[in-house]
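Start at 1 and go down the list; that is how both ligands and their atoms are numbered.
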Amino acid sequence: MSDFEPVVVVFACDYCAYTAADVAGRMNLTYPSGVRILRVPCTGKVEQQYIMRALEKGADGVMVAGCLVGDCHFKNGNLRAAARVKRVQTLLDDIGIGAQRVAMVNVSAGQGAKFAEIATDFSKKIGEMGPNPIKQGAKAAA
Ligand code: FES
């Protein structure tokens, strides 16, 4: 069994996913320590290059976590984010990194338990994939 602990960057929208992560904390629910949450006003603000940059800078996986479909406080930011995530997934497959390293998820503010479960499952999946080769390349060049 490998002791590799993946770094997972979560772009979490302030209104729902970030609050859900906070609720998880208040419920004393845990998720892997490699999960790093970055609060954004809305997932609609997460550009494709932010996701790629996170992977280049050391993330083994990236999750974009927004409000439930129909609940985005900026109308359709989460739908725009989902489309961007799909484009990044296609790109990652094209360059052989693997689309599964990036995911779009939707949670409501009260779903702390669901957030903890999703973060744990995603981190586990990334752990099984192994270190992100882009990150390894960046380390070798440093
Ligand atoms: Fe949450 Fe837009 S405000 S995804």
* Structure fact -> The SG(C72)-atom 2 (Fe) of ligand 1-SG(C42) angle, to 10°, is 100°
* Can you tell me how far the CD1 atom of I51 sits from the CE atom of M63, to the nearest 0.5 Å? -> 12.0 Å
* To do: Flag yes if more than 12 heavy atoms outside F122 fall under 6.0 Å of its CZ atom; otherwise flag no.
  => yes
* **For C13, the ligand 1 atoms whose distance to one of its heavy atoms is below 4.0 Å** => 1 (Fe), 3 (S), 4 (S)
* To do: Output the list of atoms in ligand 1 that are nearer than 4.0 Å to some heavy atom of Y15, sorted by atom number.
  => 3 (S)
* Report the relative orientation of the aromatic rings in H73 and Y15; use parallel for angles under 30°, tilted for 30 to 60°, perpendicular for over 60°. => parallel
* Asked: If you count the atoms of ligand 1 from 1 in the order shown, which ones are under 4.0 Å from a heavy atom of N78?
  -> 4 (S)
* Hey, is atom 1 (Fe) of ligand 1 within less than 2.8 Å of some N/O/S atom on C67? -> yes
* **Donor-acceptor under 3.5 Å (D14 side chain, V40 main chain)** => no
* Using modelled atom types only, decide if a donor and an acceptor are shared between the side chain of N106 and the backbone of C67 within a distance under 3.5 Å. => yes
* Asked: Is it true that R26 and D22 make a salt bridge, defined as a side-chain N closer than 4.0 Å to a carboxylate O?
  -> yes
* If you count the atoms of ligand 1 from 1 in the order shown, which ones are under 4.0 Å from a heavy atom of T43? -> 4 (S)
* Structure fact -> atom 3 (S) of ligand 1 has as its nearest protein heavy atom H73 N, 3.4 Å
